[in-house]
Amino acid sequence: MKLDFFFQLLMSGLTRGSIYALIALGYTMVYGIVKLINFAHGEIYMIGAFTALIVSGVLSMYGMNPVFIFLIAITAAIIYSAAYGVTLEKIAYAPLRKAPRLSALISAIGMSMFLQNYVLLAQTSDFLPFPELLPEFGFLDPVKFIISTNQFLILVTTTVVMVLLTFFIKFSRTGKAMRATSQDRDMAQLVGININKVISITFVIGSALAAIGGVLISSHIGQINFYIGFIAGIKAFVAAVLGGIGSIPGAVLGSFVLGITESFGTGYISSDYEDAFAFVILIVILIFKPSGLLGRKVSEKV
Amino acid sequence: MLKIKNIETFYGNIQALKDISIEVKEGEIITLIGANGAGKSTTLMSLSGVVPVRSGSIEFLGKDITNKNPDEIVAMGVSQVPEGRRIFPLLTVQENLDMGSFLRKDKGEIKKDLEYMFELFPRLAERRTQQGGTLSGGEQQMLAISRALMARPKLLLLDEPSLGLAPIFVQQIFDIIKRVNKENNTTVFLVEQNAYMALKIAHRGYVLENGRITMTNDASVLLNDENVKKAYLGI
Ligand SMILES: Nc1ncnc2c1ncn2[C@@H]1O[C@H](COP(=O)(O)OP(=O)(O)O)[C@@H](O)[C@H]1O
Ligand SMILES: [Mg+2]
């Protein structure tokens with residue numbers, strides 16, 4: 001029984017870690033390319049969840065097959081969130097690219113508040129029930145006291161997404177251009193890379209991943225409101241910093257470290273401190289490794 | 001081929017370039033010499049579209065390229081090897097070279113050019129899979145030049161390629177510049193503090209002082225000019 005509990009906590013930690021990772025990647029990729037903490041990123045995740053809620057609500061009125069509903073809802077969420085992400089960059093960040101860093105940061109916080117309140121007004125402050133979009137299947141029955149089909153689907157989806165992303169960044173022409181841009185933006189321009197395009201693509205990918213995370217976890221938890229992006233956003237941001245902001249493997253590692261710590265912390269210590277564990281390990285790790293687990297020490301260029 | 005007409009460039013309120021006019025003909029090597037802070041790098045960055053010019057115009061192959069986006073200027077055939085080489089430190093040597101040919105689609109020709117680079121700089125071939133940041137200064141300069149050449153530029157801008165290099169590398173780099181100019185008919189715009197070496201290989205030269213062109217003539221004339229000798233050749 002003790003061992004069952006351990007594995008339950010491990011699985012729930014991995015599930016949490018997956019969702020954090022899907023969001024943290026957006027923070028870290030955007031930071032890598034434009035050196036900006038996109039504080040409105042959590043809201044993009046929340047908007048993804050709301051899009052799926054609305055689309056699935058409409059589709060289920062037509063009595064459509066649940067698997068199709070899921071696929072259409074998540075696709076709509078990805079497209080909608082990506083559009084928001086790119087628009088956000090164009091409106092709130094691009095005009096400030098040459099301004100002091102603090103201006104863009106304040107603009108990001110402003111956009112975060114704006115999007116939260118916009119959804120608050122358009123929807124309601126109450127939690128809304130989120131439909132069970134993730135299909136159930138039977139082959140996990142023998143181990144269902146350890147891992148649910150939801151958790152399994154979340155882990156598999158996240159793994160597939162990460163592998164695809166890794167290949168894209170490593171081998172595609174655009175992926176190489178993204179890495180080059182993050183290492184030296186002016187030089188990237190001097191070899192003919194259109195950095196506006198690279199920045200837009202980065203926001204599209206980051207937002208799409210956040211939307212996937214938003215739909216998966218909302219379906220797992222079963223309710224959403226306008227505030228979910230704020231909490232998840234901060235946690236994922238902590239995960240990205242933990243792993244070393246700007247580093248893609250770092251964001252994934254930091255997310256799993258955070259998810260598992262939270263899960264074991266709430267399971268074995270107390271659930272009262274659920275949100276405190278994140279900051280405790282953040283502080284501990286940054287004391288010993290200020291650049292994060294996999295972060296590089298970067299000398300600031302002036 | 002290149003006509004820079006009366007450009008002025010500012011950093012905030014500070015004027016870095018004052019009424020600069022430079023002309024480069026196809027097939028030439030021209031050099032821009034001047035002391036530290038004269039505005040040499042700014043001239044090249046203005047040309048490449050990285051730093052905006054406030055007034056004046058830049059024409060390349062009969063087309064106006066003033067304040068165009070840097071990637072459009074590269075696409076027209078202008079590549080730069082910037083000061084300090086600016087190798088992508090975490091990309092491998094091969095990936096750095098791939099970035100050089102970023103805008104090209106002719107796969108077969110790209111492969112040929114790659115072979116040519118490895119022939120020019122056999123050391124790069126040995127270090128193909130190594131990260132750019134781990135190369136020595138001389139090797140990075142070779143990589144920076146090869147990366148720029150991978151774009152098959154019509155006009156190659158070089159910013160102090162000899163800076164910080166051991167004399168043996170300096171000689172090699174200048175030999176390569178001459179060779180590329182001859183073999184591929186690549187026009188070269190060479191910025192240097194090492195005025196002697198630069199004037200030796202260039203056809204013509206410009207002298208830049210405090211953001212202004214103060215002198216221009218055939219390189220051989222400048223080499224024997226009393227003022228140039230005193231100020232830049234240490235004679
Ligand atoms: N990014 C910058 N911001 C502000 N001033 C600059 C910048 N880059 C260069 N400058 C100034 O412009 C002038 C010309 O610099 P630069 O073009 O780098 O000269 P050079 O390449 O001849 O050494 C110098 O006074 C330098 O301080
Ligand atoms: Mg310079």
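Model, not experiment: these values are computed from the prediction. Numbers restart at 1 for each chain; the letters A, B, ... are given by sequence-line order, proteins then strands.
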Determine yes or no for a side-chain-to-main-chain donor-acceptor pair under 3.5 angstrom, with B:Q130 supplying the side chain and B:R127 the backbone. no
Pick one of side chain, backbone, both or neither for B:P89, based on which atoms fall under 4.5 Å of a heavy atom in chain A. both
Heavy-atom pair count under 4.5 Å with chain A, highest-scoring of B:L90, B:D98, B:L103: B:L90
Can a donor-acceptor pair be found, under 3.5 Å and without considering hydrogens, that links the side chain of B:S21 to the backbone of B:N6? yes
Is B:M45 close to chain A through its backbone or its side chain, or both, or neither, when contacts mean heavy atoms under 4.5 Å? side chain
Which one of B:N69, B:V50, B:D71, B:V74 has the most heavy-atom pairs closer than 4.5 Å to chain A? B:D71
Taking the side chain as every heavy atom from C-beta outward, state whether B:E8 and B:L17 have any atom pair closer than 4.5 Å. no
Lys/Arg-Asp/Glu bridge criterion (N-O < 4.0 Å) met for B:R152, B:E109: yes
